[in-house]
Amino acid sequence: MRNMGNMGNMMKQMRQMQKKMEEDQNNLNAQSFTGTSPDNMVQATFTGDRKMTDLSIKPEAIDPDDPDMLADLVLAAVNDALGQIESTTQQTLGKYTQGMNIPGM
């Protein structure tokens, strides 16, 4: 019978940890992350759940003779923002997965 009490306490702790993890995930999702390209020519803004909310391109970044440059600037800004999200996610939620090898976390 003693083990049943330990099991109940463990389940309670797991529920509390799950609730805290959900709160942390919701807070992360509500944050805004802005990535920039070199020279700040392009900015891409995402929510913590990786949804793009804004893309800002300075007029001087648009060269009709060099569309590849604009594509590179957009990619740089997007990748910068996604890198920020990944880093913040690891810092915020990594404490829940320490020691576990969970892909994507």
Side-chain angles (χ1 to χ4, degrees):
M1 280 304 220
R2 183 175 223 194
N3 286 337
M4 293 301 283
N6 289 340
M7 182 65 82
N9 284 337
M10 234 173 34
M11 294 300 288
K12 182 179 178 183
Q13 288 175 343
M14 289 297 289
R15 283 190 299 273
Q16 289 173 342
M17 187 170 75
Q18 182 180 15
K19 182 179 178 184
K20 178 67 174 138
M21 187 173 153
E22 287 173 6
E23 288 172 4
D24 286 349
Q25 181 68 58
N26 289 336
N27 290 336
L28 179 67
N29 290 348
Q31 290 183 40
S32 187
F33 298 86
T34 300
T36 57
S37 67
D39 298 328
N40 294 321
M41 299 288 270
V42 176
Q43 291 185 334
T45 304
F46 287 81
T47 59
D49 56 350
R50 295 171 177 81
K51 291 187 173 96
M52 186 183 289
T53 58
D54 189 38
L55 181 65
S56 173
I57 301 171
K58 289 186 177 180
E60 57 268 25
I62 303 170
D63 181 352
D65 296 327
D66 192 4
D68 290 338
M69 181 188 74
L70 179 55
D72 289 343
L73 293 172
V74 171
L75 287 173
V78 167
N79 287 333
D80 183 40
L82 293 176
Q84 292 175 35
I85 294 168
E86 182 65 32
S87 176
T88 304
T89 299
Q90 184 60 36
Q91 291 172 359
T92 303
L93 301 178
K95 60 189 169 200
Y96 299 108
T97 60
Q98 278 183 336
M100 298 180 209
N101 189 12
I102 299 173
M105 293 298 283

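Throughout, residue positions are numbered sequentially from 1 according to the sequence presented.
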I want to check something: taking the side chain as every heavy atom from C-beta on, are L28 and I85 in contact at a cut-off of under 4.5 Å? no

Once rounded to the nearest 0.5 Å, what's the spacing between atom OG1 of T92 and atom CD of Q25? 9.0 Å

Between K95 and D24, is there a side-chain N and carboxylate O pair less than 4.0 Å apart? yes

State the OG1-CZ distance between T45 and F33, to the nearest 0.5 angstrom. 11.0 Å

Between S37 and V74, is any pair of side-chain heavy atoms under 4.5 Å apart? no

Out of curiosity, does L75 fall in the hydrophobic cluster containing L55 (side-chain heavy atoms, cut-off under 4.5 Å, transitive links)? no

Would N29 and T47 count as a side-chain contact (heavy atoms from CB on, under 4.5 Å) here? Give the steps. CA-CA 6 Å; N29 290 348; T47 59; 6.0 Å; no

Report the distance from atom CG of N26 to atom CE of M21, rounding to the nearest 0.5 Å. 11.0 Å

Which heavy atom of V78 sits nearest a heavy atom of M52, and at what distance? CG2-CE, 3.7 Å

Flag side-chain contact, heavy atom, 4.5 Å: D66 against L70: no

Could you go step by step and tell me if E23 and N27 meet the side-chain hydrogen bond (donor to acceptor under 3.5 Å, both in side chains) rule? CA-CA 6 Å; E23 288 172 4; N27 290 336; over 6 Å; no

To the nearest 0.5 Å, how far apart are CE in M17 and CD in Q13? 9.0 Å

Could you check whether any side-chain heavy atom of D39 comes within less than 4.5 Å of a side-chain heavy atom of E60, counting everything from C-beta outward? no

May I ask you to decide if Q43's main-chain N or O and S56's side chain share a donor-acceptor pair within less than 3.5 Å? no

